[in-house]
Amino acid sequence: MSHSDPPDPREAYVEAVLAVVEQVPPGRVTTYGSIADVVGSGPRRVGSVMAREADGLPWWRVVRADGSLPPSHDERAHAAYAEEGTPLTASGRVDMVAAYWQPS
DNA sequence: TTGGTGACGGTAT
DNA sequence: TATACCGCCACCA
C-alpha cells in the first residue's frame, strides 16, 4: 500500500509453476512445455524456475517433450522412476504415451 | 544498455 | 534413432 507494493509478477509466476509440479501424480510425468502452456509462458522459463526452485520438489516428474532429462539429473531421476514405477522405454527415457499427465 | 545464457521445443539432416 | 540448428524470452553481469 505504501509507495511500493511489489506485486512481483515474477514471484507469482514461480508459485504458479511450483503449484502445477506439485500436482503431478507419482509414477506419472508432465513436460516443461505443458506447464508453460498452463501458466502462460515459454518452456525455457519453466526450466529456469525448476533450476532455481527445485528444492523440495518432485522435479523428476517434469521431463522434456521426448521424455528425457539432462544427463546430470538422469541418474537420480531413474532412481525415482524405479521407486515410483514410472513406465520407461527401452531407450531409458520415460514412456510418454503411458506416463504423460496433462496438467489442468 | 547490450549481449550472453539456458532443467526447452520443433524441424532438418 | 541420434545430432545439429534455430527460435524464444526472461534473467544476469
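The chains referred to below are lettered A, B, ... by the order of the sequence lines, with proteins before strands, and numbering in each begins at 1.
Under 4.0 Å is where a charged nitrogen must lie from a carboxylate oxygen, and between A:Arg64 and A:Asp66 no such pair does.
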Practice problem: Decide side chain to side chain donor-acceptor pair (under 3.5 Å) for A:Tyr100 and A:Gln102; before the verdict, give the C-alpha distance in whole Å, the side-chain angles of both, and the deciding distance to 0.1 Å. | Solution: CA-CA 7 Å; A:Tyr100 178 68; A:Gln102 172 74 37; 2.7 Å; yes
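At the heavy-atom level, A:Ala51 lies under 4.0 Å from base atoms of the strands shown. Within 4.0 Å of A:Gly33, counting heavy atoms only, lie sugar-phosphate atoms of the nucleic acid but no base atom. Within 4.0 Å (heavy atoms only), A:Ala54 reaches at least one base atom of the nucleic acid.
Contact of A:Arg64 with B:dC8 (side chain to base): no donor-acceptor pair of N or O atoms is detected under 3.5 Å. One cannot find a donor-acceptor pair under 3.5 Å joining the base of B:dG6 and the side-chain atoms of A:Arg52.
Rounded to whole angstrom, the span from the CD atom of A:Glu11 across to the C1' atom of C:dA10 amounts to 16 Å. Taking atom CG of residue A:Asp8 and atom C1' of nucleotide C:dA10, one finds them 13 Å apart after rounding to whole Å. Between A:Tyr13 atom OH and C:dC11 atom C1' there is a gap of 12 Å when expressed in whole angstrom units. The distance between atom CE of A:Met96 and atom P of C:dT1, rounded to the nearest whole Å, is 15 Å. For the pair A:Asp66 CG and B:dC8 P, the computed distance is 10 Å after rounding to whole Å. What separates CZ of A:Arg76 from C1' of B:dA7 is a distance of 11 Å, to the nearest Å. In this structure, CG of A:Leu69 is placed 15 Å from C1' of B:dG6, rounded to the nearest angstrom. Whole-Å rounding puts the A:Asp37 CG to C:dC8 P distance at 17 Å.
Legend: residues meeting salt bridge (Lys or Arg N to Asp or Glu O under 4.0 Å) with A:Arg28, ordered by chain and number and at least two apart, are absent.
Contact detail for A:Gln23 and A:Ala19: the closest heavy-atom pair is NE2-O, 3.0 Å.
Nearer the 5' end of DNA chain C, as judged by each residue's closest nucleotide, is the contact made by A:Ser91, out of A:Ser91 and A:Arg10. DNA chain C is contacted by both A:Ser48 and A:Arg93; A:Arg93 maps to the nucleotide lying nearer its 5′ end (nearest heavy atom per residue).
At the phosphate of B:dG10, neither OP1 nor OP2 sits under 4.0 Å from any side-chain N or O atom of A:Arg44.
The nucleotide whose nearest atom lies closest to any side-chain atom of A:Arg45 is, among C:dC9, B:dA7, B:dC8, C:dC9.
In this structure, the side chains of A:Asp37 and A:Tyr32 stay at 4.5 Å or more apart for every pair of heavy atoms.
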